[in-house]
Amino acid sequence: MFNPQLNKNGELQHLLTIEGLPKANILHILDTASSFVSIGDREVKKVPLMRGKSVFNLFFENSTRTRTTFEIASKRLSADVINLNIQASSSSKGESLLDTIDNLSAMHADMFVVRHAQSGAPYLIAKHLSDTSQSHVHVVNAGDGRHAHPTQGLLDMYTIRHYKKDFSNLTVAIVGDILHSRVARSDIHALTTLGVPEIRAIGPRTLLPSGLEQMGVRVFTDINKGLKDVDVIIMLRLQNERMSGALLPSAQEFFKSYGLTTERLALAKPDAIVMHPGPMNRGVEIESAVADGTQAVILPQVTFGIAVRMAVMSILAGN
Amino acid sequence: MFNPQLNKNGELQHLLTIEGLPKANILHILDTASSFVSIGDREVKKVPLMRGKSVFNLFFENSTRTRTTFEIASKRLSADVINLNIQASSSSKGESLLDTIDNLSAMHADMFVVRHAQSGAPYLIAKHLSDTSQSHVHVVNAGDGRHAHPTQGLLDMYTIRHYKKDFSNLTVAIVGDILHSRVARSDIHALTTLGVPEIRAIGPRTLLPSGLEQMGVRVFTDINKGLKDVDVIIMLRLQNERMSGALLPSAQEFFKSYGLTTERLALAKPDAIVMHPGPMNRGVEIESAVADGTQAVILPQVTFGIAVRMAVMSILAGN
Amino acid sequence: MFNPQLNKNGELQHLLTIEGLPKANILHILDTASSFVSIGDREVKKVPLMRGKSVFNLFFENSTRTRTTFEIASKRLSADVINLNIQASSSSKGESLLDTIDNLSAMHADMFVVRHAQSGAPYLIAKHLSDTSQSHVHVVNAGDGRHAHPTQGLLDMYTIRHYKKDFSNLTVAIVGDILHSRVARSDIHALTTLGVPEIRAIGPRTLLPSGLEQMGVRVFTDINKGLKDVDVIIMLRLQNERMSGALLPSAQEFFKSYGLTTERLALAKPDAIVMHPGPMNRGVEIESAVADGTQAVILPQVTFGIAVRMAVMSILAGN
C-alpha cells in the first residue's frame, strides 16, 4: 500500500498516523524529543532549527488546546506561525479544501498542521501535495475525526518510556470511550509497534469498537478485573456530547462503573502511572484525588507533548 | 488635487489606490517585488528590513485570505504584526474609527493595513494622520468597499509583466461582475497607466458600471466576441450574495453565459494567460479544467502577491 | 496578611493590585518605564530582555484594546506571545480554571496576563502557582471584575508624574462611574501611596461606592464644586450597559450633569491635565473639544501604557 507519510528513503515526509509507522521512525521521534525536553527549562527556550519557515495551523475544527501546543512548539523552533481558523474563512466563501491548500502552498508554506472533523482530511492534503509536485510541504495530522491523533499517541509513548524505560514487559490499560477516541486508536498502534505484550481496553460494551481482539487487545467490561496488575493506565476523556446520548446512562453512572478512583487504582501495580490526554472531566472519568495524586503523570504528558511536537516538526523540516 | 499617498518628493507615503499613481511608482513597486520573489524559495525566508516595526492589520471586514498574505509579508520582513478584528473590539464599545487610529498610533504603530467595507475609509485614516502630524505612520489599503484593492491590482500587473514582458502591445479582458469589483477598478487604472492599448470589460449589462467607455475600456456583453484574440483574461469572482439577487438569474445561468470554459478560452490567443483573484467558484465563473489548466496562472498570482506586498510595505517603511 | 505579589525579598512576584503595593515598588516600575518610553521612537523598537520567554494572554473576558497593549509590550521585549481567548476554548469543554493554568504551566509558560470578569481570579491563579511550587511563573492582572486594573493605575501615575513632577502638592479629581470602575480603585490606591494630599471623587450618588471617605477621598456630587482648582482630572468611561439601567436616567442627562465641558474644565487650575482610560464616549462623559484640546493627555497615556507594561513584565521576568 502507498504510504504517503514516508519518502522513498523511509524518512518521515508527513505525520498522518501511527498505524504502520515503523518502530525506527517512532524511536527516532522519541529520541529527538529527548533533546528538546531540556529546552523548556532554559532561560532562552528557542532553537533556530526552523527560522524563516512558515507553519500554518489549519484548524477546520476548533481546538485551542492542541493549536496552542503546536504554536508553542513552532515558536520554540523559531518558525513563523500563522493560525487559520478555517470555519470563519474562505470555507464560507465556498472555496474547496484543496484550493485553500494550493493557495497557502503558493504563499511558500513549509508545513500544515491540520485538525479536521473528517477522518482522512490530512491524507487528502498529503496526497494532493504529492500529486502536484509540492513534496517540500509537510503535513502534520493534529487530529482527524475518529481516526488518529498521532502526536498525542507519540507523547503518550514518550511518557511511558520516560517512566517505565522498557516497553517489552508492560501491561497497559486504556479506559473509557474507546469507540470514539482517536487517541485510543493511535495509542494501540504505537504500543503494538513498540512491542508492549499486553494491551487492555476497558469500557462499557456500547463504547468498545469491534475488532479490538483482532488488533491483539484484551477487552474488559469490568474495570476491576481490567486494572489488575497493570503498569500504565491511560484514561480517556468522555465527550460531553456522548453523555446525553443513547450510549450512556449518565455521567454519574459512568463514574460509578468506570471512573478511576483511589480504590480502583490500588488494583494496579503499586508503581503504575495514570495518564490522561486532557482536558479532564473530574468526577466523570477520573476522581480528583487520582488526578492530583502521586501516580498521575498528566502534566508531564503536556510538557513532553511540546518536545514531541518540536521533534516531529524539526524532523519533517529537515527532510 | 491633494493626493495623500505621495509625499512632496513623489515617494509613496501610503498605498490607497492605483488611480492616479504614477507609472514610475508602479514600476518601482514591481521592480522591488522582483527581488522578493526569490526569497520565498530560500531556506530562511526572512529579511530584516522591518525588524522592530509594528504593523497593525486592521480588518473592519473579515478576510482571512487577504489578512494572511499581509501577515506573511510582514513576518518575512521581520516586522511585528498585530491582528485586530475590529468588529469584535472597541467598535462595539462605540469608539470612533479615528479614536482607534489615534490610540494605535500612540502605541507607536508604524503601519496600518486597512480593510473596510466602506469606500474611502483608508483615505480618511491617511488624511487624519496627516492632519495630526503623524506622517511617520503609513496606510496600506487592503480593500475598501467597491472602491479599490491596490495590492491586488499591483500583483496582477506583476503577473502580467512576468508572463508577457511588455504591456504596450497587449489586449486584456476582464470578465464578470465588474460593477461590484474593486479588483476590476484597480486593474483598469493600472493597465491604463502602464500603457495597455486595449482593455476589455465583459459581463452582463446589469453587472457593468456606466462610464467604462470614458475610461477607455471596450465593453462586451458577448463573451465570445470579447475574448477574441486577447492576451490576458482576468476572471472576477462572482460574489455569492449577488447570485440570489435581482441582478442575476442564477449561478448556472451565469456560467452558461459568462463562465470561462475550455472552448471559450480557445478564442483567445494560444498563449493567453488566465488570472483570477480567488477564491474561485469553480463551475460558476470558471470551469475546473481551465482553472487547473496550463494557461492558468492563478497560483503564481498568489506567490507574486506576497512579494508585491513585501515590496509595498518595505518601500513605505523606508520613506 | 499574605501578599502573594511580593516575594520574601520584597520584590514583585506578581502584579495583582496596587492596594498595599509599597511605594518603592511603584517607583521602581515608573523608573523602569522611563527607560522604555524612548524605545518607541527608535528605528528598531525591540529589546531582548524576554527573548525566548513565553507570555500567555489569558483573556476570559474580551478586551482587544488591553490585550493589544500587552501583546505589543511583549513583542517589544522579544517574548513569544500566545493569545488565548478562553471563552471559545477549553472552558466550554468543562475544564476548570486551575486545570487550564496547570496545563499551560506544564508547557513552560513564564507569564500569564489575565483578564477575568470575576474579581480575584488572578489571585486564585497566583495562589495556586505558589501552592504547586511553580513560583517561576508570574501573573499580571489585566483587569479583574470591579476589583483592580493595576497597569492602568500605574500608567496613570506615570502620566501624572510626567506632567506634574511631584505628587506631594496635587489635587486629583476622579469623575464618573466610580462604583463600577476598577480603574478608579487602582488610581485611588496609587495616589494615596504616592502621597497625593487631596483625592476627590465626583459623580452621582448612585455611582459612588460607600467607604470612599474612609479611604481619605473627598466626595462631590456637584462637579462644578469638585473640579475647583484641581491639578489633574481623571475621567472614567461610562459603560454602555449602565446607561440603560436604573442607576442613570440617560447618557444625555449624564453629560448635562457630569460631562467634562470646556466651561467646567476652566474651573480647574489653568495647567490642569485631563486623563481618560479610553475608549471615550464623546458627548457622554467628555466633550470632544476637551478630548482633543491642549490640556488632554489621553494619547500620551496610551504611549506610557506600553512602557509601563514593558516595565512590569521585564521586572517580573527578571525576578
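Throughout, a chain's letter reflects where its sequence line sits, starting with A, and its residues are numbered from 1.
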Check your understanding: About how many Å separate CG of N103(A) and CD of Q301(B), when rounded to the nearest 0.5 Å?
Key -> 9.5 Å

Practice item. Indicate whether any N or O donor in one side chain lies under 3.5 Å from an N or O acceptor in the other, for R76(B) and S54(A). Key: yes

Exercise for review: Look at T69(B), D292(B), T68(B) and state which one has the largest set of heavy-atom pairs under 4.5 Å with chain A.
Suggested key: T68(B)

Point to revise | Criterion side-chain contact (heavy atoms from CB on, under 4.5 Å) on R282(B) and D99(A), from CA distance to verdict | key: CA-CA 10 Å; R282(B) 290 165 178 265; D99(A) 275 338; 2.7 Å; yes

Check your understanding: Any ion pair linking K45(B) and D80(A) (charged N to carboxylate O, less than 4.0 Å)?
Key -> no

Practice item. Hey, could you give me the CD1/CZ distance between I82(A) and R67(B), rounded to the nearest 0.5 Å? Key: 9.0 Å

Review point. Side chains of H108(A) and I39(B): closer than 4.5 Å at any heavy-atom pair?
Key: no

Check your understanding: Are there more than 12 heavy atoms of other residues, nucleotides or ligands under 6.0 Å from atom CZ of R51(B)?
Key -> no

Check your understanding: Salt bridge or not for K53(A) and E43(B), using N-O below 4.0 Å?
Key -> yes

Exercise for review: Could you tell me which portion of L299(B) (side chain, backbone, both or neither) has an atom closer than 4.5 angstrom to a non-hydrogen atom of chain A?
Suggested key: both

Check your understanding: At a heavy-atom separation under 4.5 Å, does D41(B) approach chain A through its side chain, its backbone, both, or neither?
Key -> both

Check your understanding: Are there more than 12 heavy atoms of other residues, nucleotides or ligands under 6.0 Å from atom CD of Q118(A)?
Key -> no

Review point. Counting N and O atoms only, with roles assigned by atom type, does the side chain of T303(B) sit under 3.5 Å from a partner on the main chain of M107(A), one being a donor and the other an acceptor?
Key: no

